[in-house]
Amino acid sequence: MPAIRNLALLGFGNVGRTFVDLLERKRGVLREQYGIEFRLTGVATRRLGWIANPHGLDSAALLRGEFPAPGTQLKDVRDWIAAARAEVVFETTSLNRHEGQPAVDHIRAALECGADAISANKGPVVFAYQELRDLARARGKRFLFESAVMDGVPIFSTFAETVPAVEVRGFRGILNSTTNLVLEQMEAGATLQQAVRKAQDLGVAETDPSNDLDGWDATFKTVAVSNVIMGGRLRPDEVHREGIGALTGEQVRTARDSGHAYKLVCEARRLQGAIVASVAPERLPLTDPLAWVNGISSAINFETDMFPGLVLTELDGGLDATAYGLLADFIRASRS
Ligand SMILES: NC(=O)c1ccc[n+]([C@@H]2O[C@H](COP(=O)([O-])OP(=O)(O)OC[C@H]3O[C@@H](n4cnc5c(N)ncnc54)[C@H](OP(=O)(O)O)[C@@H]3O)[C@@H](O)[C@H]2O)c1
């Protein structure tokens with residue numbers, strides 16, 4: 001009989017809930033194909049407080065919105081990890097754009113308390129990747145974050161596991177779905193405002209879409225990929241950033257009529273020992289593979305010494321794919 005792994009979730013919003021649902025859907029596969037048994041022993045959010053039960057929480061009840069009372073003795077994340085006897089902590093709280101907190105502290109606490117740490121939140125990767133990676137190594141634990149960029153598409157694990165020893169010289173990608181969908185709507189005749197409203201109606205853009213439109217989300221993803229895959233030490237404020245707010249529908253449609261497409265392109269390149277990165281709208285010829293990426297799809301094209309162009313594309317991303325990235329990380333962490 002495989003040992004049962006105790007899992008604890010920080011954040012129980014769209015991603016956290018979809019992940020719990022996916023875990024239950026894949027329970028049989030995890031047991032039969034990977035020898036992994038698990039129980040959910042902790043869940044915590046700002047509003048819910050620190051909920052822990054080392055004997056297991058009822059996933060179905062949590063998904064119905066029925067939560068046990070939080071532990072009144074539990075004052076912080078370390079108390080909660082101990083009470084849940086958590087062996088794997090999943091970080092799915094909201095991104096703090098300025099310093100990545102408290103998610104960075106959550107991951108640090110998980111690793112220091114002897115748990116593997118898996119994050120969908122970009123904050124810990126952008127603001128503390130080297131420190132958390134080294135801490136995980138020192139403790140013999142895993143810090144994994146496949147869902148942080150392009151949902152669950154295997155970007156980080158491809159370079160960690162599948163294409164060892166390649167030199168990554170740079171990349172270009174379309175990594176933000178909201179702006180891509182907005183630009184597509186503008187091509188079809190909408191103004192920027194109408195296109196944003198449509199993206200909000202479809203549940204793709206947030207109520208306050210500025211994080212996406214101003215290029216911040218794309219910037220964070222660019223930093224995460226640069227620092228993890230290219231060994232950079234970039235900070236978000238070092239990325240040249242331009243959003244799509246200044247583009248007009250007419251500009252976008254004129255480009256389309258002349259065989260071009262406007263895309264918000266994320267780019268990083270090694271230049272004289274440093275990594276130079278940018279996020280900006282570009283008028284791409286339709287012969288560029290990034291020009292074919294439409295709607296809520298995304299893609300990244302890596303230039304390496306072995307593959308001049310290695311393109312990973314996700315057609316129609318979504319929450320299941322994000323939850324899958326957490327699941328794949330969980331399997332990886334459980335095998336090592
Ligand atoms: N949605 C996606 O498609 C997607 C894809 C890839 C990555 N991500 C990343 O995954 C994370 C979660 O996204 P989401 O869509 O699930 O967001 P969400 O629906 O807004 O849920 C966020 C959850 O985090 C909790 N939370 C926020 N701040 C917290 C804090 N300081 N301490 C404890 N709990 C806190 C919230 O609890 P309260 O409501 O109680 O505050 C809520 O349960 C984000 O970092 C996001 O960038 C999302």
Side-chain angles (χ1 to χ4, degrees), residues 8-22 40 42-52 62-63 65 67 70-71 74-81 84 89-110 117-128 144-156 175-181 199-200 202-212 216-225 236 295-298 300 314 316-329:
L9 261 75
L10 268 159
F12 199 60
N14 296 313
V15 173
R17 284 196 303 270
T18 309
F19 176 55
V20 169
D21 181 59
L22 181 67
L40 195 58
V43 62
T45 80
R46 274 180 302 213
R47 275 177 291 180
L48 293 174
W50 306 107
I51 297 170
L62 299 181
L63 290 172
F67 300 98
L74 307 180
K75 64 178 188 319
D76 63 18
V77 64
R78 286 168 199 264
D79 281 353
W80 171 73
I81 290 170
V89 171
F90 295 88
E91 213 319 315
T92 67
T93 69
S94 321
L95 170 68
N96 169 343
R97 201 167 102 174
H98 303 292
E99 52 187 12
Q101 292 290 20
V104 174
D105 285 344
H106 292 160
I107 302 279
R108 195 182 286 125
I118 295 175
S119 182
N121 185 339
K122 292 174 274 300
V125 190
V126 167
F127 291 100
L144 300 170
F145 37 80
E146 196 64 271
S147 299
V149 178
M150 274 177 80
D151 305 329
V153 170
I155 302 179
F156 300 114
L175 302 178
N176 179 264
S177 317
T178 298
T179 45
N180 211 44
L181 184 63
Q200 286 167 330
L202 291 171
V204 177
E206 293 180 21
T207 317
D208 173 6
S210 57
N211 225 12
D212 293 321
W216 276 114
D217 175 76
T219 296
F220 280 107
K221 290 170 174 165
T222 303
V223 170
V225 175
I296 56 170
S297 300
S298 49
I300 189 160
E314 178 186 31
D316 297 334
L319 279 171
D320 254 358
T322 303
Y324 171 75
L326 294 169
L327 186 93
D329 279 345

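Just so it is clear, the values below take in all heavy atoms, side chains as well, and ignore hydrogens, waters and symmetry mates. For reference, positions follow the sequence shown, starting with 1. Just so you know, ligand 1 is whichever comes first in the structure, and atom 1 is the first atom listed for that ligand.
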Residues, nucleotides or ligands: over 12 heavy atoms within 6.0 Å of E206 CD = no
Which residue pairs pass the salt bridge (Lys or Arg N to Asp or Glu O under 4.0 Å) test with at least one member in residues 93-107, sequence neighbours excluded?
-> D105-R108
Could you pull out the closest heavy-atom pair between D320 and T18, with the gap in Å?
-> OD1-CG2, 3.5 Å
Write down, by chain and number, every protein residue that brings a non-hydrogen atom to less than 4.0 Å from an atom of ligand 1.
-> G11, F12, G13, N14, V15, T45, R46, R47, T92, T93, S94, L95, P102, A120, N121, K122, S147, D151, L319, T322
Does F156 CZ have over 12 foreign heavy atoms under 6.0 Å away?
-> yes
Spatial distance of atom OG1 (T178) from atom CD (Q200) [nearest 0.5 Å] = 9.0 Å
Which atom names give the shortest non-hydrogen contact between A148 and K221, and what distance separates them?
-> O-CE, 4.1 Å
